[in-house]
Protein chains: 2
Amino acid sequence: MSAQPVAQAAEARGTFGGDMDKGSGPVTLRMIADEVGVNVSTVSRVINSSDKEARRWASSDMIDRIRTVVAARGYQRNPHAASLRTRRSGLVGVLVPRLQDFVLATVYEGIEEAATEQGISTFVTNSLDRPENQASRTELMLSRRVDGLIFGDAHTGDPFLDTLAKRGIKFTLVSRRSGDHISATCDDIMGGRLVAEHLLATGRRDIGILSGRDYASTGNDRTAGVVQACLEAGIRIRPERIVHGGFDAPGGRQATERLLVQGGCPDAIFATNDFAAIGAMGVLRDRGITVPDDVAIVGYNDTPLAAELSIPLTTIHSPMHEMGRAGLNLLLAMLRGEPVESVRLAPELIVRASTAS
Amino acid sequence: MSAQPVAQAAEARGTFGGDMDKGSGPVTLRMIADEVGVNVSTVSRVINSSDKEARRWASSDMIDRIRTVVAARGYQRNPHAASLRTRRSGLVGVLVPRLQDFVLATVYEGIEEAATEQGISTFVTNSLDRPENQASRTELMLSRRVDGLIFGDAHTGDPFLDTLAKRGIKFTLVSRRSGDHISATCDDIMGGRLVAEHLLATGRRDIGILSGRDYASTGNDRTAGVVQACLEAGIRIRPERIVHGGFDAPGGRQATERLLVQGGCPDAIFATNDFAAIGAMGVLRDRGITVPDDVAIVGYNDTPLAAELSIPLTTIHSPMHEMGRAGLNLLLAMLRGEPVESVRLAPELIVRASTAS
DNA sequence: CTGAAAGCGCTTACAG
DNA sequence: CTGAAAGCGCTTACAG
C-alpha cells in the first residue's frame with residue numbers, strides 16, 4: 001500500500017488489543033497470533049481447516065478466539081508466502097485465440113467464474129492462433145508458476161500439446177479438442193448433425209459449409225457432422241462445397257465468395273460460426289440472393305446478435321459458459337490427481353427466420 | 001510440476017556441470033550460484049541489473065559466467081519468493097463491466113499487452129456494473145496482493161473510488177472517467193461534437209440520442225458533445241430526444257422504441273455504441289423506416305461489424321487498444337511515484353452509408 | 001491440543 | 001567486487 005519501505009519493525013508490535021495499524025501494511029499471521037497469545041502455527045492450522053478438522057487441532061475455545069480476531073483484523077493470508085511454502089500457486093494460465101472473439105470471451109468468463117468459486121486466480125492471454133505465441137505465452141505462464149493451463153486455441157495435429165504433456169505439465173482444453181488431451185467442448189459432431197437434419201427436413205439438398213480454420217476441431221467436427229448425416233440420408237456433399245476461412249464476419253464473407261465462385265449457389269449455407277454467417281448474409285444481400293427463399297443460412301453458437309439480425313439467424317446454441325467452467329474444474333481434478341475424462345456438452349438447435357421457408 | 005513433495009534435498013546437488021535435473025523442480029538461484037561457485041547474492045545482483053549497472057556489482061568475467069549458466073539452465077526467478085521479499089507483486093487487477101463486450105475486451109487486450117511488455121501480470125474480472133460486485137471483486141484483487149487496479153466500470157458520482165483512493169490504493173480508470181481520478185479515455189465530448197457536426201452538415205436537424213447508462217461518462221460525454229455543438233449551431237435538443245439504456249443491441253432496440261414513442265421520428269439517431277446502433281436499425285427496419293433516407297444513424301467505436309452491416313454504419317473510431325495501454329502505463333507511473341495526468345485520446349469520424357443521403 | 005523450528009527462494013542492507 | 005546474514009509470511013513435520 002504505502003510506497004515507503006516497511007522496515008523490520010516486526011518485534012515492535014503491541015502485546016494485544018492494540019487497535020491502531022501503524023501503517024505497517026497488511027495484517028500478518030504473526031499479528032493475529034500475538035494478539036490471541038498463541039503460536040503462529042496454531043493460527044495457521046485453524047485458519048486452514050474446516051470447522052470439523054479444526055477440532056482435531058485446537059480446543060473449541062481456541063478456535064473461537066482465533067476466528068474472532070481473524071475476522072476483527074480482516075486478516076487475509078499472503079498468497080505469495082503460502083505459495084512459496086506449499087509450492088502450489090493457486091494460479092491457472094489461460095490461452096485463447098483472441099478475447100475479442102465473443103465465443104472465447106464467454107468461455108473465459110466461465111473459467112474465471114469457476115476459478116473464483118474455487119479460490120483460484122487466472123491469467124488470460126491471446127495467442128492469435130499463432131504457434132510461436134502459443135509457445136512463448138505458455139512459457140511465460142509457467143514462469144509465473146501457474147499450477148496448470150487451459151488452452152482454447154488447440155491446433156489439430158500440432159505436437160505442441162504432446163510435448164507439454166510429456167514435460168509433466170498439467171492442462172485441459174476448452175472449445176477445441178485435440179488428440180487424447182482432456183477437453184471440455186460442445187459435441188460439435190452432434191451439432192453438425194442437428195444442422196443437417198433440420199436443413200434436410202426443410203427441403204434443402206445442396207449444402208455449402210463455411211468450415212472455419214482447418215486446424216480447429218470445432219469447424220471440422222461440425223462439418224463432419226453435416227457430412228455424416230447427409231450421407232445417411234443418401235446425399236453426398238462434394239469437397240468444393242466445403243470452404244475454410246476465418247471465424248469472423250470478414251472471414252465468412254470471403255469464404256462465401258469462394259463458395260459461390262467454385263460451385264454455383266447452394267440452397268443452404270452452414271456457417272460454423274454466427275459471425276461468419278453474418279459475413280455470408282452480407283455477400284448474399286450484395287448479390288440479390290434472398291434468405292431464406294433462395295438460400296437458407298445456419299450459424300453456430302447462438303450469439304446474442306443472431307436474434308437481432310435483419311433476418312434472425314437459425315443457429316446452434318452451445319454452452320460456452322459451461323464449457324469454461326468444465327475446463328477449469330477438469331483441470332483442478334487433474335491437479336488433485338483424480339482420474340478425469342473429457343466432457344462433451346450437448347448442442348441445441350435454435351430455429352429462426354433464416355431457414356424458415 | 002511433479003505432484004510429489006520435492007523434499008529438502010537442496011544440499012545434495014552436484015558441484016558443477018551436473019547436467020541432469022533429478023526432477024528437483026525449477027532451477028533456483030542457489031543452483032545457479034553453486035554451479036558458478038559464487039554466493040546467491042551476487043547472482044541476484046547480476047540478474048536484476050542492466051548491462052551497465054551490473055558492472056558496478058561484479059567483474060565482467062563474473063557477469064559473463066553467471067549469465068551463461070543462467071541461460072544454460074533456463075533459470076526463471078520464482079515470482080512468489082521475489083514478491084514476498086520486495087513487497088511488490090508485479091500484479092495488476094482489472095475490473096470491467098463485461099469481457100463479452102467487444103469494446104472492453106479490446107481495451108483489456110491493450111492493458112494485457114502493455115503489461116506483458118513491462119513484465120507485469122494481470123487478473124481480469126467482470127463486475128457487470130454492479131456496485132456490490134465492484135466492491136467484492138476489488139477486495140478479492142487486493143487479497144491477491146495486486147500492486148494496483150484498473151477500472152473499466154467507473155460510475156459517475158459513486159463514492160466507491162474516492163474511498164479506495166483514501167485508503168491509499170493506487171488505480172487508474174479506462175474507457176470511463178470519474179471525478180479527478182486518473183483515467184485514459186477517448187475524448188468523448190469531442191467525439192460527440194464530430195457526430196453533430198457531420199449530421200448538421202448533411203442537413204439533419206432533429207437528432208435523437210441513445211445515451212447509454214446514466215452512470216457511464218462515455219455515453220454522457222458523447223451526448224454532451226452533440227448537445228453543445230448543436231447549441232452552437234442554434235439548435236436545441238429537447239430532453240425527450242435523449243434516452244438511456246443498455247450499450248448492447250437489445251438495449252439499443254428498447255431505447256429506440258422509447259425514443260420513437262415519446263417524440264415521433266427524428267431525422268437522425270446517434271447511438272453512443274455500435275451495438276446499440278444495430279438494435280436501432282432493427283427497430284427502424286421493422287417499422288419500414290429507411291436508413292439513411294428517413295433517418296441517418298451514427299454509432300460509436302468503429303467495431304468490425306459496423307462495416308459489415310447491411311447498411312454500413314457511420315461511426316466514431318475510438319482508440320480502444322491504445323486506451324488500455326495508456327491505462328496500464330499510467331498506473332505503472334503512479335506506482336513509481338511519478339506525477340501523472342489523465343489521457344484523452346482523439347476520436348475520428350468514419351463516414352459510411354448510414355448517414356450518406 | 002499447542003509450540004518451536006526449519007525452510008520455501010528470493011533481495012538487500014551491512015561488512016569487508 | 002563479493003560474501004554472509006537476516007528476513008519477507010507462511011506451512012508442516014516433529015516434539016511434547
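Throughout, protein chains are lettered first and strands after them, A, B, ... in sequence-line order, and every chain is numbered starting at 1.
Salt bridge present: A/Arg167 and A/Glu139 bring a charged side-chain N and a carboxylate O closer than 4.0 Å. Salt bridge present: A/Arg176 and A/Asp129 bring a charged side-chain N and a carboxylate O closer than 4.0 Å.
C/dA13 is unpaired under the criterion used here, namely a Watson-Crick or G-U wobble arrangement in which both key atom distances are under 3.5 Å. Nucleotide D/dA4 is matched to nothing when pairs are restricted to Watson-Crick or G-U wobble geometry with both distances under 3.5 angstrom.
For D/dG9, one of the phosphate oxygens OP1 or OP2 lies less than 4.0 angstrom from a side-chain nitrogen or oxygen of B/Arg87. Contact annotation: B/Ser44 reaches the phosphate of C/dT11 (side-chain N/O to OP1 or OP2, under 4.0 Å). Remark: B/Asn78 is not in phosphate contact with C/dC8, judged by side-chain N or O atoms under 4.0 Å from OP1 or OP2.
Whole-Å rounding puts the B/His80 NE2 to D/dC10 C1' distance at 13 Å.
Picking from D/dG3, C/dA6, C/dT2 the nucleotide with the shortest atom distance to the side chain of A/Thr42 gives C/dT2. Distances from the side chain of A/Asn39 to the nucleotides C/dG3, D/dG3, C/dT11 place C/dG3 closest.
Using bins of under 30°, 30° to 60° and over 60° for the plane-to-plane angle, the ring pair B/His181/B/Phe171 lands in the tilted bin.
At the heavy-atom level, A/Thr86 lies under 4.0 Å from the strands shown only through sugar-phosphate atoms. Contacts of B/Arg77 with the nucleic acid, taken as non-hydrogen atoms under 4.0 Å apart, involve only primed sugar atoms and P, OP1 or OP2.
For the pair B/Ile111/B/Ile150, a side-chain contact is recorded, criterion being any heavy-atom separation below 4.5 Å from C-beta on.
For B/Arg145 against D/dG9, no side-chain N or O and base N or O form a donor-acceptor pair under 3.5 Å.
Between A/Met62 and A/Leu84, the one whose closest nucleotide on DNA chain C sits nearer the 5' end is A/Met62.
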